[in-house]
Each structure stands twice: as C-alpha cells, then as structure tokens.
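Data first, discussion second: the structure below is written as structure tokens.
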Amino acid sequence: MADFDYDLVIIGAGPAGLTAGIYAARARMNVLLLEKAVPGGQIIVTDWIENYPGFPEGISGFDLAEKMKVQAEALGLKIDTSEVISLNLDKDVKEVVLREKTIKAKSLIIASGASPKKLGIGEDKYMGKGISFCATCDAPFFKDKTVVAIGGGDTAVQEAVYLTKFAKKVYLVHRRDELRAAKILQERAFANDKIEMVWDTVATGVDGFFGIEGVRVKNVKTGEEKTIKADGCFIWVGILPNTEFLGTKLDTDEYGFILADARMETSIPGVFAAGDVRNTPLRQVSTAVGDGAIAALSAEHYIENTIK
Ligand code: NAP
C-alpha cells in the first residue's frame, strides 16, 4: 500500500475550493488546500456581489471570500500557500508536485479557477501603466478621467458601472450590437449617463508613451478606424482556465476547461474538478459552491470505495 500524505488535496482557494475544504474538514478527512496567491479567487477583485443568497444588501467579493476562509479554517481546514507545478496521476496515488516537495494524496479536487483573457493589444507592455483587468484594484487611479472598457459580458458591464464611481466617462466597447450580460446589469449600464456604448467595435491597439493616451478601435461593420482618447483601458473579454500545471492529463473542452460528470469526477478516477475551471454552463459563486460540495462528497466516497 502506498504511503499517503493526505486523503485529499484541493488545488485553489476560491469559493469552489474553500467549500470543498469545508465539507472535507467536516467529514474529518485529512485534507490540505493549496493556493498559490491570496485565498478567495476571482471574487476578491469583484467590487460587489448581489446574487449570492443570504446577503440581501449584497456583499463585497473580498469580504465574502474572507468569511469563507475564516469558516473553513475554523472547521480545521489547513491552507498552504504554494504553487502546484505539475501532477502525476496514477490510478491509486495522486502526486502533487510543488516547488519544494511532492505530496501524495488519495484523491484530488482541482478548483484552480480561471483568469482574464488577453486581447493582444499591448497588455504586457501597458499593464500597470493604463491597461488593467481589475476595476476594484485600479479604478481609483482614474478619478475624473476617461477610460475604455472592452467586452459585453457580466464582468465588463458590471465593472463598467463600477468605474463610473471614479471616471468621468466610460466608453464600453463591444464587438456586437447586443450585450451578453444579465439584463439587470444592462439596465444599469444603459441608465448611466457616464457610460457611452461603442457598438460593433473591436480594439486593435493602444497609443501612449509613459501611459495610455488612446485606444485604437475598428468598427467591424463599416471598417472605420479611429482612436478613442482615454487615460485607461480595462479588458474584460472572457476567461481562460488556470490549468498550466495539468499538461494534457485530463479531458477538457476545446478551450481547456476540464470535463467532469455530475459527481464532478474528471476522466481520471479520484480526480475531481469544481468551479470556474470546469466546463460548466454557469460560472457564479453559487454554482462554484455547489460544485465544491459535490466534489468533496464524491472524493470521500471514492476513497471509501476504492483505496484499500
Ligand atoms: P463572458 O461571459 O465570456 O463574456 C465575454 C465578453 O467578451 C462577451 O461579450 C464577448 O463577446 C466578448 N469577447 C470575447 N472575446 C472577445 C474578443 N476577442 N474581442 C472582443 N470581445 C470579445 O466573460 P465574463 O464577462 O468575464 O464572465 C465570465 C463568467 O463569469 C461568466 O459565466 C459570467 O456569467 C460570470 N460572471 C458573473 C457575474 C455576475 O453574476 N454578476 C459577474 C462577473 C462574471 P460576445 O458576446 O460577442 O461573445
């Protein structure tokens, strides 16, 4: 029989991973949660969450993440700050390779979340100098300034509205003539005098020397090109799964999101996926929490039934 360090290792401390940790700790499993950055996942850069039940006034993403972490640790969950480099996924032993050591577990839950997609318009060069993916972090730098926000999904529309608390003008640039975002978010954006919609338009580049002075755009219907004068550019055009450490070990969809069944089990028995990293029709805190709970229960059953 193999020597195991843990029954269960959870990778990623967003809502899915923290919930899995809460359930595993309450099941008295020997569980470790690994997080390479700050616990909380993408919600720590979300200004306000108003669709997670139980908080009628809404709650800041940072505060919700902190409450989940405090609850998980109070129940005995051990959280380590460590980056997973790779995995060796044998039928019986799941090895998690960290920089400093390798951990052996009976079961794994991958809840490593997702990160903002880039457009290739100068993100690397201008990051921190005018281009940003995080309104909560950077909006105060644009007080009384003009900014461009790119995208038409929930993130772009919600965060564009948040930007208007600081910026004097927000151009919301979207590649179609219809937003993808939830209707309630659209209503708020359309009712906001500081937001001007720029329809059927894609960004092609940014201008500026020390910082951003303008965003180059092109109308996809007319072909017209122009520069919108702006001091900042926020990019919210979707997300990509955080799976660099995975290699090609698990089945994924065409975008790299992990395929899992109703029990959150992936193509390798004993390896589960939960939250935004999973191929799922809805990416919300509430769905991530549900995924995490199911994954923890499934991991517990897997260990009971499979590992001798
Ligand atoms: P998303 O829903 O995938 O939307 C991405 C947006 O960017 C779409 O409008 C898309 O246009 C546009 N886009 C994609 N690629 C582009 C490109 N190359 N150039 C220009 N535009 C491009 O991503 P998201 O808004 O980041 O949301 C991610 C997930 O988190 C979603 O499941 C969302 O529901 C969830 N979320 C929920 C909330 C909330 O409930 N309040 C808040 C934030 C995020 P098209 O529409 O034309 O495809």
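First listed ligand is number 1; within each ligand, the first listed atom is number 1.
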Would you indicate which of Val285, Asp154, Asp177 comes nearest to atom 38 (C) of ligand 1 when only heavy atoms are counted? Asp154
Assess whether a salt bridge exists between Arg188 and Glu50, defined as any Lys/Arg side-chain N lying under 4.0 Å from an Asp/Glu carboxylate O. yes
Just which atoms of ligand 1 are under 4.0 Å from any heavy atom in Thr155? 24 (P), 25 (O), 26 (O), 27 (O), 43 (C), 44 (C)
Could you go through residues 55-73 and list every donor-acceptor pair under 3.5 Å that involves a side-chain atom there, pairing it with any protein atom two or more places apart or in another chain?
{"unit_1": "Ser60", "atom_1": "OG", "unit_2": "Asp63", "atom_2": "N", "d": "3.0"}
{"unit_1": "Ser60", "atom_1": "OG", "unit_2": "Asp63", "atom_2": "OD2", "d": "3.3"}

Ligand 1 atoms in contact with Trp236 (distance to a heavy atom under 4.0 Å): 7 (O)
Atom CZ of Arg26: over 12 foreign heavy atoms under 6.0 Å: no
Identity and distance of the protein heavy atom lying nearest atom 35 (C) of ligand 1: Arg283 O, 3.1 Å
Output yes when the distance from some N or O of ligand 1 to some N or O of Val202 is under 3.5 Å, and no in every other case. no
Nearest protein heavy-atom contact for atom 19 (N) of ligand 1: which residue, which atom, what distance? Leu119 CD2, 3.5 Å
If we only count N/O pairs under 3.5 Å, is Ile239 in contact with ligand 1? no
With the threshold set at 4.0 Å, does a side-chain nitrogen-carboxylate oxygen contact exist between Asp200 and Arg176? no
Could you tell me whether Lys169 and Glu196 have a side-chain N and a carboxylate O separated by less than 4.0 Å? yes
Contact check, Lys117 vs ligand 1, heavy-atom distance below 4.0 Å: yes
Looking only at heavy atoms, is any part of Asn51 under 4.0 Å from ligand 1, and if so is it the side chain, the backbone, or both, or is it neither? side chain
Identify each donor-acceptor pair in which a side-chain atom of residues 99-121 lies under 3.5 Å from a protein atom, sequence neighbours left out, and give them as a table.
{"unit_1": "Arg99", "atom_1": "NH2", "unit_2": "Glu83", "atom_2": "OE1", "d": "3.2"}
{"unit_1": "Glu100", "atom_1": "OE2", "unit_2": "Ser82", "atom_2": "OG", "d": "3.0"}
{"unit_1": "Lys106", "atom_1": "NZ", "unit_2": "Asp7", "atom_2": "OD1", "d": "3.2"}
{"unit_1": "Ser107", "atom_1": "OG", "unit_2": "Gly270", "atom_2": "O", "d": "2.9"}
{"unit_1": "Ser112", "atom_1": "OG", "unit_2": "Asn242", "atom_2": "O", "d": "2.7"}
{"unit_1": "Ser115", "atom_1": "OG", "unit_2": "Asn242", "atom_2": "OD1", "d": "2.5"}
{"unit_1": "Ser115", "atom_1": "OG", "unit_2": "Asn242", "atom_2": "ND2", "d": "3.4"}
{"unit_1": "Lys117", "atom_1": "NZ", "unit_2": "Val237", "atom_2": "O", "d": "3.4"}
{"unit_1": "Lys118", "atom_1": "NZ", "unit_2": "Asp124", "atom_2": "OD1", "d": "2.8"}

